[in-house]
Number of protein chains: 2
Amino acid sequence: MARERKVTREKLYETTKTLLLQHGYNGFNFTLLAKQLNISRAALYKHFKNKEELVTDFMIFEMNKFLAAIRKIENYTNFDAQFDYLFATMFQHKEIHEILGMTYLIYSKSNKKVKANIEKLKNLHEDMYRYLQKFIKLGKKENRVAPHISDEALLGFIFQSFSIPNHFHIPPSEWYAQIKELVSHGMLTNMS
Amino acid sequence: MARERKVTREKLYETTKTLLLQHGYNGFNFTLLAKQLNISRAALYKHFKNKEELVTDFMIFEMNKFLAAIRKIENYTNFDAQFDYLFATMFQHKEIHEILGMTYLIYSKSNKKVKANIEKLKNLHEDMYRYLQKFIKLGKKENRVAPHISDEALLGFIFQSFSIPNHFHIPPSEWYAQIKELVSHGMLTNMS
DNA sequence: ATAAAAAGTGACACTTGTGTCACCTTTATG
DNA sequence: CATAAAGGTGACACAAGTGTCACTTTTTAT
């Protein structure tokens with residue numbers, strides 16, 4: 001019964017991601033997105049009540065993709081294998097950290113759906129956190145991870161490292177190896 | 001000949017910093033700043049032609065403070081002392097990294113002064129970079145820093161580590177020690 | 001074939017933020 | 001002591017983004 005969409009939801013979310021990263025949360029708006037997609041602004045309102053709803057829907061979409069990948073960490077039994085897998089996965093999903101960092105800018109009172117979405121995001125975040133905490137716990141148990149450092153610092157440290165800007169455009173595989181080395185053993189030689 | 005300011009430039013910049021961090025670059029505006037300072041919006045236009053000019057002036061102010069501190073690194077001759085000093089200094093100026101990250105959002109065509117300010121910021125940034133690169137070079141020479149990792153990755157890594165959010169409010173001195181340990185030796189034990 | 005659902009549109013009224021102006025206030029100095 | 005420079009203000013016209021509505025187009029199930 002329905003007419004075909006001019007723009008698929010995937011394409012819409014992809015463009016949303018690009019514009020959010022390019023202009024920041026408050027620089028992003030319906031006018032900009034509609035222009036970029038060559039549709040009218042009013043068309044967007046057929047699918048989302050407002051910007052907050054669109055962005056939180058988008059975030060849930062991204063977070064689900066990310067979590068689906070993270071969950072596969074359970075296919076690996078020892079810490080070293082988990083570390084390799086996790087690092088590669090998070091490198092592929094680099095942008096999600098910056099995207100999720102925008103959550104605090106969302107005006108959540110705007111509507112019921114937005115409130116519910118933010119709640120859902122919180123849950124997904126906690127879900128993710130549980131997997132990662134389990135990973136850290138295993139590392140500490142196997143004596144592979146520095147035991148006296150808090151889980152929060154360790155996880156924040158990993159996440160943050162993917163946001164290091166590669167201004168000089170070092171080739172991805174090389175960049176990847178360097179970041180992994182830094183996260184693993186730090187910047188100082190072991191003669192310290 | 002001049003009337004006293006209701007608000008000092010320092011207070012103005014301090015409030016600017018708070019609001020920029022709270023609302024992001026595009027969420028920050030003259031209306032918000034004027035309200036927060038209990039002055040009229042028109043008063044702000046007496047001192048700054050527009051938001052871009054205000055923000056870039058503010059950034060130069062912050063960058064100069066930061067650079068003044070960084071320069072003192074030359075009071076220390078060996079790498080370990082420089083590292084300790086640099087780490088402490090950068091920890092005290094945590095926010096500057098996030099602030100400077102907003103530069104790419106500034107619409108630089110808006111006016112001559114803004115263009116000049118951005119140029120100045122670029123120079124200050126390069127200045128800072130030179131000090132830090134010298135620091136890294138010394139570290140590599142003293143065999144204290146991993147030699148095969150690029151200066152860009154090393155410096156990005158240090159900067160980024162100060163942006164790790166301390167959501168669980170671990171006391172600053174403890175947090176500081178953990179981050180320093182992670183940056184120094186990474187998250188894995190040396191048995192790797 | 002047609003009715004109903006979903007997708008899309010331009011236009012309108014509204015809100016928020018901008019930049020400027022005429023005008024008032026304070027204060028140091030000739 | 002008056003005057004000019006700098007600080008401050010409310011008001012106005014303008015620009016950009018929002019949300020809604022009446023209306024059109026496409027599609028498919030009956």
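Reckoned from all heavy atoms, side chains included, excluding hydrogens, waters and symmetry mates.
In this structure, the NE2 atom of A:His23 is 11 Å from the P atom of D:dG17, given to the nearest Å. In this entry the distance linking CG of A:Leu44 with C1' of C:dG10 reads 15 Å, nearest Å. Remark: P of C:dT16 and NZ of B:Lys35 are 9 Å apart, rounded to the nearest angstrom. Between B:Tyr45 atom OH and C:dG17 atom P the separation is 12 Å, expressed in whole Å. Here the C1' atom of nucleotide C:dG8 and the CG atom of A:Leu37 are 13 Å apart, to the nearest Å. In this entry the distance linking CG of B:Leu33 with P of D:dG8 reads 12 Å, nearest Å.
Residue pairs satisfying the ring-ring contact (aromatic ring centres under 6.0 Å, His included) criterion with at least one member in residues 134-169 of chain A, sequence neighbours excluded, are listed as follows: A:Phe79-A:Phe135, A:Phe87-A:Phe162, A:His97-A:Phe159, A:Phe157-B:Phe157. Pairs of residues two or more places apart, or lying in two chains, that qualify as salt bridge (Lys or Arg N to Asp or Glu O under 4.0 Å) and include a residue from residues 145-165 of chain B are B:Lys140-B:Asp151.
A:Lys6 pairs by the side-chain contact (heavy atoms from CB on, under 4.5 Å) definition with A:Ile39, not counting sequence neighbours. Not counting sequence neighbours, the partners of A:Lys11 by the side-chain contact (heavy atoms from CB on, under 4.5 Å) test are A:Val7, A:Thr8, A:Glu14, A:Thr15, A:Leu37. Remark: B:Lys120 engages no residue in a salt bridge (Lys or Arg N to Asp or Glu O under 4.0 Å) (not counting sequence neighbours). Partners of B:Leu21 by side-chain contact (heavy atoms from CB on, under 4.5 Å), not counting sequence neighbours, listed by chain and number: B:Lys17, B:Glu95, B:Glu98, B:Ile99. Taking the salt bridge (Lys or Arg N to Asp or Glu O under 4.0 Å) definition, one finds that B:Lys113 meets it with B:Glu53, B:Asp57, sequence neighbours left out. A search for salt bridge (Lys or Arg N to Asp or Glu O under 4.0 Å) contacts involving A:Lys49 returns nothing, not counting sequence neighbours.
Of the side-chain N and O atoms in A:Lys51, none sit less than 4.0 angstrom from OP1 or OP2 of D:dG19. Taking side-chain N and O atoms only, B:His47 has no distance below 4.0 Å to OP1 or OP2 of D:dA6.
Criterion: ILVMFWY side-chain heavy atoms under 4.5 Å apart, direct or through other members. Under it, A:Met59 and A:Tyr129 are part of a common hydrophobic cluster.
Residue A:Met102 holds its CE atom at 9.5 Å from OH of A:Tyr104, rounded to the nearest 0.5 Å.
Taking five base pairs at each end of the helix from C:dA1-D:dT30 to C:dG30-D:dC1 and finding the rotation axis that steps the C1' atoms of four pairs onto the next four gives two axes whose angle is 10°, to the nearest 10°.
In this structure a side-chain-to-backbone donor-acceptor pair under 3.5 Å is present from A:Lys51 to A:Tyr25. Distance alone, capped at 3.5 Å, is enough to place a donor-acceptor pair between the B:Thr189 side chain and the A:Asn143 backbone. Counting only distance, with no hydrogens or angles, the side chain of A:Gln178 and the backbone of B:Ser150 share a donor-acceptor pair below 3.5 Å.
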* Asked: When every nucleotide of nucleotides 23-30 of chain D is labelled 5' to 3' by its protein contacts under 4.0 Å (heavy atoms), B for base, S for sugar-phosphate only, - for none, what sequence of letters results?
  -> --BBBS--

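Sorted by residue number, the members of residues 24-31 of chain A with any non-hydrogen atom under 4.0 Å from DNA chain D read A:Asn29, A:Phe30, A:Thr31.
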Every protein N/O lying under 3.5 Å from an N/O of nucleotides 10-15 of chain D:
none

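Where A:Val7 and B:Leu32 each meet DNA chain C at their nearest nucleotide, the meeting point lying more 5' is that of A:Val7.
Contact annotation for A:Ile39: backbone-only contact, meaning every heavy-atom pair under 4.0 Å involves sugar-phosphate atoms and none involves a base.
Across B:Ser184 and B:Lys180, no two heavy atoms sit closer than the pair OG-O, 2.7 Å.
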